[in-house]
Protein chains: 2
Amino acid sequence: MVGSPGEQPAVARSRQVGRPRRSEQALLEAAAAVFVRSGVDAPVREIAAKAGVGTGTIYRHFPTRPELVVAVYRHQVESCAEAGPRLLAESANPEAALRAWVDLFVDFLVTKHGLAGALQGDSAGSDALHTYFVDRLVPVCGLLLGAALESADTDPSVDAYNVLKAIGNLCIGAAGDARYEAAVLVQLLISGVLAGAAH
Amino acid sequence: MVGSPGEQPAVARSRQVGRPRRSEQALLEAAAAVFVRSGVDAPVREIAAKAGVGTGTIYRHFPTRPELVVAVYRHQVESCAEAGPRLLAESANPEAALRAWVDLFVDFLVTKHGLAGALQGDSAGSDALHTYFVDRLVPVCGLLLGAALESADTDPSVDAYNVLKAIGNLCIGAAGDARYEAAVLVQLLISGVLAGAAH
DNA sequence: TAACTTTACGGAACGACGTTCCGTAAAGCA
DNA sequence: TGCTTTACGGAACGTCGTTCCGTAAAGTTA
């Protein structure tokens with residue numbers, strides 16, 4: 001290498017030697033399976049065991065636990081985000097679109113045990129999960145919310161970030177508490193938001 | 001004692017020998033101070049250190065961490081509970097009473113960093129914190145909610161348990177996120193509940 | 001006062017967690 | 001056939017809640 005003409009930049013040369021990387025896809029599938037069985041808070045060791053892999057391998061692909069969670073649910077978050085504009089176009093009115101989208105989001109959060117709780121992000125500001133959800137979904141929520149508010153001729157009392165975080169919070173602990181009806185409460189919150197009356 | 005006439009039941013004889021118990025009050029004050037500085041999630045070791053005590057002593061008085069938290073905030077929960085009927089009597093109308101009480105509760109939860117989050121109770125059904133809050137505050141919430149609904153001539157769409165838990169959830173992560181306005185969101189939820197329209 | 005008993009004490013120890021680290025062996029290159 | 005590079009598994013680390021245990025202080029009895 002020393003004697004060769006240095007055409008190719010050193011940075012482009014990577015992953016040429018050594019074992020092939022275990023496909024991230026296999027890890028993600030194992031993680032998804034464990035999340036279904038044991039919830040999103042399942043230990044990393046359990047995921048590693050399910051994938052037939054050491055914990056180090058998990059961390060080499062996903063440097064931190066939240067990043068693994070993000071990766072597992074990225075597709076579903078994406079499709080939830082994409083559903084927003086579509087619902088707005090297809091629905092009878094903006095409010096119906098907003099309510100349908102919110103139902104979609106709630107169902108997603110409640111189905112994945114513990115996901116809503118994991119959204120908070122620890123004290124540090126660098127929680128990948130929280131950041132990703134906010135970045136991807138706040139604009140969608142804002143689109144639908146803005147349309148619904150305009151259609152209702154109501155001044156906004158809170159912004160899309162607040163609404164999204166509120167929905168996430170309302171879904172915490174919904175699975176595993178049969179008396180708690182997250183979906184209804186979220187719709188009631190939307191009613192309040194569209195009424196524009198914080199009092 | 002063996003030769004004495006056995007008037008007093010054996011069960012009444014306790015705490016006669018040995019060191020005096022460290023006053024629980026001192027432990028509670030140390031815990032409260034640490035909770036203010038480091039949040040409700042502060043490690044038990046930190047509380048023990050602040051109280052100048054071993055961790056064992058903490059656990060002898062409060063068998064589990066949530067029970068310590070309950071003990072620390074019992075007074076404030078109590079006064080929040082007592083405020084309910086008083087507000088109902090003093091306010092111009094039931095809705096105003098409900099909204100004032102809810103503000104009280106929200107302020108309480110948001111002020112104590114992490115308390116709202118701790119309310120969830122882990123997967124096991126035996127979380128002292130959750131149980132205590134529910135037992136003490138659901139009836140109060142029910143009283144105010146019932147009066148407000150009746151006054152608004154609205155059919156209830158959710159029960160007091162749902163409303164209380166929803167409020168608790170909405171307050172999660174409120175401290176430490178300046179953009180998130182828990183109090184406003186809670187009032188909007190109340191608006192939706194009193195409107196009786198889950199859609 | 002001098003044993004003896006009872007009890008709360010402090011802090012080491014345990015198990016579970018997220019995360020980091022390192023010796024090893026497989027895969028490509030010469 | 002060796003050498004280099006790399007991902008690998010899993011031991012090790014630091015932190016948490018909780019449990020355990022040897023010790024010493026306080027009360028009781030002689």
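All values reported here derive from a predicted model rather than from experimental measurement. So you know, we letter chains A, B, ... as the sequences are listed, proteins then strands, and number each from 1.
Judged purely by distance below 3.5 Å, without hydrogens or angles, the side chains of B:S191 and B:R99 pair a donor atom with an acceptor atom. No side-chain donor-acceptor contact under 3.5 Å links B:Q120 and B:D127. B:E46 and B:S38 form a side-chain donor-acceptor contact under 3.5 Å, judged by distance and modelled atom types alone.
Nearest to the side-chain atoms of B:V44 among the listed nucleotides D:dT18, C:dT20, C:dG10 stands D:dT18. Closest to the A:H61 side chain, of the nucleotides C:dT19, D:dC8, D:dT18, is D:dC8.
Straight-line distance from the CZ atom of A:R45 to the P atom of C:dC17: 7 Å, rounded to whole Å. Atom P of nucleotide D:dG9 and atom CD1 of A:I47 are separated by 15 Å, given to the nearest angstrom. Nucleotide D:dT19 holds its P atom 16 Å from the CZ atom of B:F62, rounded to whole Å. Following rounding to the nearest Å, A:Y59 (OH) and D:dC13 (P) show an atom-to-atom distance of 17 Å. Counting to the nearest Å, the C1' atom of D:dT15 and the CD atom of B:E46 are 12 Å from each other. One interatomic measurement links the two molecules: CZ of B:R65 to P of D:dG17, which rounds to 5 Å at whole-angstrom precision. Rounded to a whole Å, the CD1 atom of B:I58 is 14 Å from the P atom of D:dT19.
Residue order along DNA chain C, read from the 5' end via each residue's closest nucleotide, puts A:P43 first among A:P63 and A:P43.
The pair A:E82-A:R86 does not count as a salt bridge, with every side-chain nitrogen at least 4.0 angstrom from each carboxylate oxygen. In this structure, A:D177 pairs ionically with B:K165, as a charged nitrogen and a carboxylate oxygen lie closer than 4.0 Å.
Recorded end-axis angle for the helix from C:dT1-D:dA30 to C:dA30-D:dT1 stands at 30°, based on five pairs per end and rounded to 10 degrees.
Phosphate proximity of C:dG10 to B:T57: present, with a side-chain N or O under 4.0 Å from OP1 or OP2. Dashed line: the shortest gap from a side-chain N or O of A:T64 to OP1 or OP2 of C:dT19 is under 4.0 Å. Under 4.0 angstrom from either OP1 or OP2 of C:dC9 there lies at least one side-chain N or O belonging to B:R60.
Using cut-offs of 30° and 60° on the angle between ring planes, the pair A:F108 and A:F133 is parallel.
A single hydrophobic cluster is not seen to contain both A:I172 and B:V40; linkage of ILVMFWY side chains at heavy-atom distances under 4.5 Å, directly or through other members, places them apart.
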